[in-house]
Amino acid sequence: MWRLRRAAVACEVCQSLVKHSSGMKGSLPLQKLHLVSRSIYHSHHPTLKLQRPQLRTSFQQFSSLTNLPLRKLKFSPIKYGYQPRRNFWPARLATRLLKLRYLILGSAVGGGYTAKKTFDQWKDMIPDLSEYKWIVPDIVWEIDEYIDFGHKLVSEVIGASDLLLLLGSPGETAFRATDHGSESDKHFRKGLLGELILLQQQIQEHEEEARRAAGQYSTSYAQQKRKVSDKEKIDQLQEELLHTQLKYQRILERLEKENKELRKLVLQKDDKGIHHRKLKKSLIDMYSEVLDVLSDYDASYNTQDHLPRVVVVGDQSAGKTSVLEMIAQARIFPRGSGEMMTRSPVKVTLSEGPHHVALFKDSSREFDLTKEEDLAALRHEIELRMRKNVKEGCTVSPETISLNVKGPGLQRMVLVDLPGVINTVTSGMAPDTKETIFSISKAYMQNPNAIILCIQDGSVDAERSIVTDLVSQMDPHGRRTIFVLTKVDLAEKNVASPSRIQQIIEGKLFPMKALGYFAVVTGKGNSSESIEAIREYEEEFFQNSKLLKTSMLKAHQVTTRNLSLAVSDCFWKMVRESVEQQADSFKATRFNLETEWKNNYPRLRELDRNELFEKAKNEILDEVISLSQVTPKHWEEILQQSLWERVSTHVIENIYLPAAQTMNSGTFNTTVDIKLKQWTDKQLPNKAVEVAWETLQEEFSRFMTEPKGKEHDDIFDKLKEAVKEESIKRHKWNDFAEDSLRVIQHNALEDRSISDKQQWDAAIYFMEEALQARLKDTENAIENMVGPDWKKRWLYWKNRTQEQCVHNETKNELEKMLKCNEEHPAYLASDEITTVRKNLESRGVEVDPSLIKDTWHQVYRRHFLKTALNHCNLCRRGFYYYQRHFVDSELECNDVVLFWRIQRMLAITANTLRQQLTNTEVRRLEKNVKEVLEDFAEDSEKKVKLLTGKRVQLAEDLKKVREIQEKLDAFIEALHQEK
């Protein structure tokens with residue numbers, strides 16, 4: 001009604017101005033009036049369709065997004081019901097003189113025209129975005145449709161006020177997100193929406209001028225009020241307030257979602273190299289690297305805890321993990337029904353990226369968080385790492401699992417999810433589980449720069465909480481604590497007095513103090529719920545919650561989104577305040593370590609464990625290469641000597657001695673040929689390969705262990721020994737070598753033709769050495785059997801044992817028998833054994849027949865070897881008879897031919913093995929050494945075990961401190977640039 005009266009008065013004013021205006025030759029039609037004048041004075045005109053503005057309240061309103069009071073609208077007081085005095089000549093005279101009507105109408109027409117022209121120019125400058133309409137937020141197109149400079153101008157002026165409220169106004173807020181949108185988003189708002197707001201403000205100014213002019217002609221107005229009770233009015237205003245807040249919430253969320261997609265598209269283009277520019281690391285990634293390096297440098301966390309991170313603590317099953325997943329926007333943690341799932345701290349670094357992925361610090365695999373199978377694999381991997389960290393007999397572990405989560409729109413921060421605080425140790429837990437969880441929580445919370453995110457279950461009685469007392473002990477003044485009440489949906493249903501929830505959020509129920517209090521809902525308790533479903537359920541709950549409608553909770557205190565913004569803001573504020581102080585402390589630590597190194601090792605370079613390993617690696621590879629520089633002669637000599645030492649016993653005992661006991665040369669040669677063939681087919685090639693492999697090992701060990709003079713560094717000894725053992729263990733000789741070697745050895749042993757006297761003499765010399773070595777061994781065995789002789793007994797005061805005396809008497813009796821028959825066969829007959837035993841019994845010596853046989857074996861062996869050596873001396877001049885095949889000669893030297901065949905086989909085998917060593921096996925061994933070194937290089941624990949000492953540890957600490965200081969300086973520089 002008041003609008004109709006106002007319009008009527010305005011119409012009369014205009015008609016009066018038109019009727020009594022001077023300088024105009026006709027009446028001014030209604031259509032010629034400016035749009036603003038028409039909209040104000042002629043609301044009853046049929047061509048004008050005004051929209052009724054929304055009801056504005058006079059009390060302060062709160063937004064869940066900006067936490068700022070909404071803007072108040074003040075209407076200009078206009079009096080209605082005044083009838084102008086048409087015959088008042090002073091007014092007519094003033095109107096003609098001042099031409100007031102021209103000023104009013106001209107300003108209105110000019111302002112509208114200017115606004116229209118400005119808008120057209122701005123619109124012409126914008127390129128055609130029809131193909132990219134999906135990128136630009138829908139609100140822009142809605143604004144473009146609503147701005148109509150024809151019939152709907154005045155109604156959208158009020159809409160401009162709503163737009164101003166959406167963008168927010170200057171003011172102080174409790175929490176302000178640091179990473180709230182990118183630079184492109186800010187320019188977008190300042191450029192596009194800012195220009196629209198400027199146009200709307202200009203139109204408002206013209207409207208206000210027209211209203212003030214019309215107010216000079218208005219005298220009074222009649223205002224009618226609806227008679228409603230105060231309670232109904234308050235309810236209505238609260239309902240409108242809530243709807244307005246929700247409206248702006250949805251609009252801003254839509255803007256942020258579209259902006260998130262746009263940022264994701266830009267980041268994807270950067271990843272594909274469209275802009276061909278090197279992307280710098282984000283601040284949070286740089287900060288996370290500093291924490292990781294600190295974690296490796298100081299396993300006790302005494303140094304790392306001086307830097308901020310968000311520590312998530314709470315009672316078991318209070319919803320800590322669910323809150324963290326809502327902030328990370330993915331179900332990344334293993335879940336269980338009532339059982340302890342978080343068994344070790346999990347450090348989660350949130351950063352922005354084009355794809356929603358997660359990866360561990362020590363792994364290159366990326367888990368796609370948009371795929372359910374990758375999410376399941378990630379949860380399984382986290383559970384496996386937790387169980388691996390927990391030692392036997394324990395339930396929880398202080399070892400930290402480092403996880404990076406990237407995705408578009410994530411708030412940048414570092415959070416640590418700790419095991420839930422328990423009150424009672426149940427069956428299956430270690431007895432010290434409760435104390436261990438308390439110690440881990442205190443170790444993280446006692447950091448003066450750590451932000452404590454205290455999680456409280458809202459569905460249970462507050463008096464049952466344990467974590468609040470623990471947090472109040474660590475942060476009694478609440479300067480770095482944020483309190484979060486979870487499961488508010490269950491709390492609203494179960495709690496008889498809703499004011500109790502209000503007391504918790506206002507910090508009046510607990511003695512604990514905090515920077516801020518938040519209420520969140522993390523789903524309906526179903527582990528299969530997605531993050532989007534949980535977020536929709538949370539928004540729907542708070543839209544219909546009586547806690548908000550009755551103002552028990554404020555809009556900025558609810559939803560995990562507002563919590564994430566607040567935590568991120570506090571985190572970066574704490575980082576800026578403490579990081580420079582931490583950098584200064586590391587500068588002092590670096591100076592102390594450098595001074596200690598100069599005092600203890602002035603002439604040595606500061607080589608850390610990795611650099612020392614590389615130096616040792618080069619030395620080992622050089623030593624392996626030295627194997628290829630060994631001369632062929634040296635290889636063959638070593639191989640021939642080692643092979644003969646390995647097979648000499650078999651040749652003497654199983655081939656030569658049995659054949660030599662035959663009666664004629666034909667039988668000797670036949671026996672030798674049979675036994676040599678059997679030996680070659682079954683044992684000889686394998687023995688040769690074993691000897692070659694052992695020889696290669698010995699030479700490799702000799703090069704690895706022999707000192708290098710002044711350049712030798714004993715710090716590498718353990719590493720070289722480990723590399724040698726592992727390389728030898730991995731090396732396997734070529735299986736085909738035995739087959740080819742068997743053929744070569746068989747052909748060599750088949751040859752009986754000695755070509756010259758030199759070879760004959762070499763064979764005799766070889767035979768003499770072999771027999772003398774066996775004779776020496778036999779004499780030592782006899783000496784051990786019979787004890788020391790009379791000379792040693794008198795000079796060294798040694799005596800024989802009773803058994804040695806018996807052996808000595810038996811030996812003397814057997815030697816008498818051999819003197820009587822020097823051509824006695826190798827075995828004693830039974831009657832001969834009886835004779836020897838009776839002879840000994842007659843002298844009072846009781847002997848066993850087996851003792852007589854054992855003594856005879858050694859006595860006859862010595863006798864045979866001495867006879868063979870005498871025969872060998874006779875064969876020195878037997879080469880001439882050999883060439884004549886010993887015709888018309890009593891001398892037979894078939895044993896010399898046997899040893900020549902053995903010697904030639906050894907030489908050919910050594911040559912063959914040498915070729916295989918130098919051409920194949922040395923290279924394969926070098927390859928194995930390289931593989932072992934590469935494996936050791938990737939095994940940090942192995943390097944720590946093999947490279948030890950004060951010098952190594954001091955260089956390692958110095959390197960870590962320098963790396964930390966450099967990363968901190970780079971982070972501080974980037975932090976200042978962002979400001």
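Because the structure is a prediction, the values reported are computed rather than measured.
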Side-chain touch [X]/[Y], heavy atoms, less than 4.5 angstrom:
{"X": "F333", "Y": "T342", "result": "no"}
{"X": "T400", "Y": "Y444", "result": "yes"}
{"X": "T695", "Y": "L913", "result": "no"}
{"X": "K573", "Y": "C570", "result": "no"}
{"X": "Q641", "Y": "L639", "result": "no"}
{"X": "L307", "Y": "N449", "result": "no"}
{"X": "R379", "Y": "I332", "result": "no"}
{"X": "F936", "Y": "K617", "result": "no"}

Does [X] reach the main-chain N or O of [Y] with its side chain, forming a donor-acceptor pair under 3.5 Å?
{"X": "R480", "Y": "M445", "value": "yes"}
{"X": "S585", "Y": "Q582", "value": "yes"}
{"X": "E721", "Y": "K718", "value": "no"}
{"X": "D432", "Y": "E435", "value": "no"}
{"X": "S439", "Y": "T436", "value": "yes"}
{"X": "N599", "Y": "T595", "value": "yes"}
{"X": "K724", "Y": "M704", "value": "no"}
{"X": "W635", "Y": "A910", "value": "no"}
{"X": "S568", "Y": "S564", "value": "no"}

Check this for me, if you would: do [X] and [Y] make a salt bridge, where the nitrogen-to-carboxylate-oxygen distance has to be below 4.0 angstrom?
{"X": "R962", "Y": "E594", "result": "yes"}
{"X": "R924", "Y": "E921", "result": "yes"}
{"X": "R385", "Y": "E381", "result": "yes"}
{"X": "E606", "Y": "R590", "result": "no"}
{"X": "R730", "Y": "E726", "result": "yes"}

Can you tell me which residue among [options] is in a side-chain contact (heavy atoms from CB on, under 4.5 Å) with [X]?
{"X": "L359", "options": "L403, N404, L378", "result": "N404"}
{"X": "I482", "options": "V310, I455, L453", "result": "L453"}
{"X": "R343", "options": "T395, I401, N389, I382", "result": "T395"}

When rounded to the nearest 0.5 angstrom, what distance separates [atom1] in [X] from [atom2] in [Y]?
{"X": "S288", "Y": "K967", "atom1": "OG", "atom2": "NZ", "answer": "10.0 Å"}
{"X": "M286", "Y": "L968", "atom1": "CE", "atom2": "CG", "answer": "9.5 Å"}
{"X": "I452", "Y": "L470", "atom1": "CD1", "atom2": "CG", "answer": "8.0 Å"}
{"X": "D584", "Y": "Q965", "atom1": "CG", "atom2": "CD", "answer": "9.0 Å"}
{"X": "L604", "Y": "I715", "atom1": "CG", "atom2": "CD1", "answer": "9.5 Å"}

_Parallel, tilted or perpendicular: ring planes of Y287 versus W572, cut at 30 and 60 degrees_ = tilted
*Could you check whether the rings of F360 and F367 sit parallel, tilted or perpendicular, using 30° and 60° as the cut-offs?*
perpendicular
In terms of side-chain heavy atoms, does [X] have a donor or acceptor partner in [Y] at a distance below 3.5 Å?
{"X": "S344", "Y": "S397", "result": "no"}
{"X": "E366", "Y": "H355", "result": "no"}
{"X": "D475", "Y": "T481", "result": "yes"}

*Contacts of type ring-ring contact (aromatic ring centres under 6.0 Å, His included), residue F591, not counting sequence neighbours*: none
_Q915/N911 under side chain to side chain donor-acceptor pair (under 3.5 Å): CA gap, chis, key distance, verdict_ = CA-CA 6 Å; Q915 293 180 11; N911 181 269; 2.9 Å; yes
*Where do H356 and P408 come nearest, in terms of heavy atoms and distance?*
N-CD, 4.2 Å
*What pair of heavy atoms forms the shortest contact from L415 to L350, and how long is it?*
CD1-CD1, 3.6 Å
*Tell me, with the steps shown, if Q411 and I327 meet side chain to side chain contact (heavy atoms under 4.5 Å, CB included).*
CA-CA 8 Å; Q411 299 297 324; I327 295 176; 5.6 Å; no
_salt bridge (charged side-chain N to carboxylate O under 4.0 Å, His left out) for R646 and E690? Distances and angles first, verdict last._
CA-CA 10 Å; R646 181 66 61 86; E690 290 180 359; 3.3 Å; yes
*Test E614 against N618 for side chain to side chain donor-acceptor pair (under 3.5 Å), laying out the working first.*
CA-CA 6 Å; E614 291 299 324; N618 294 331; 5.5 Å; no
*For side chain to side chain contact (heavy atoms under 4.5 Å, CB included), just list the numbers for T349 and I284, CA-CA rounded to whole Å, side-chain angles, deciding distance to a tenth of an Å, and then say yes or no.*
CA-CA 7 Å; T349 303; I284 192 62; 3.8 Å; yes
*Just do the side chain to side chain contact (heavy atoms under 4.5 Å, CB included) check on I638 and E699 with the steps written out, would you?*
CA-CA 10 Å; I638 296 175; E699 289 297 304; 3.4 Å; yes
_For a salt bridge (charged side-chain N to carboxylate O under 4.0 Å, His left out) check, start with the C-alpha distance between E963 and K959, then their side-chain angles and the critical distance, and finish with the verdict._
CA-CA 6 Å; E963 183 181 3; K959 174 198 172 184; 5.3 Å; no
*So which pairs with a foot in residues 938-950 pass side-chain hydrogen bond (donor to acceptor under 3.5 Å, both in side chains), sequence neighbours left out?*
N610-K943
*All pairs passing salt bridge (charged side-chain N to carboxylate O under 4.0 Å, His left out) where residues 323-332 contributes a residue, at least two apart*: E325-R331, E325-R335
*Report the C-alpha separation of K587 and E966 in whole Å, then their side-chain angles, then the decisive distance to 0.1 Å, and conclude whether the salt bridge (charged side-chain N to carboxylate O under 4.0 Å, His left out) test is met.*
CA-CA 10 Å; K587 289 180 182 178; E966 291 173 358; over 6 Å; no
_Between E698 and R702, does the salt bridge (charged side-chain N to carboxylate O under 4.0 Å, His left out) criterion hold? Intermediate values first, please._
CA-CA 6 Å; E698 292 174 0; R702 182 174 64 85; over 6 Å; no
*Apply side chain to side chain contact (heavy atoms under 4.5 Å, CB included) to V575 and F971, showing your working.*
CA-CA 11 Å; V575 168; F971 173 74; 3.6 Å; yes
*asked:* Other residues, nucleotides and ligands only: do more than 12 of their heavy atoms fall within 6.0 Å of NE2 on H634?
replied: yes
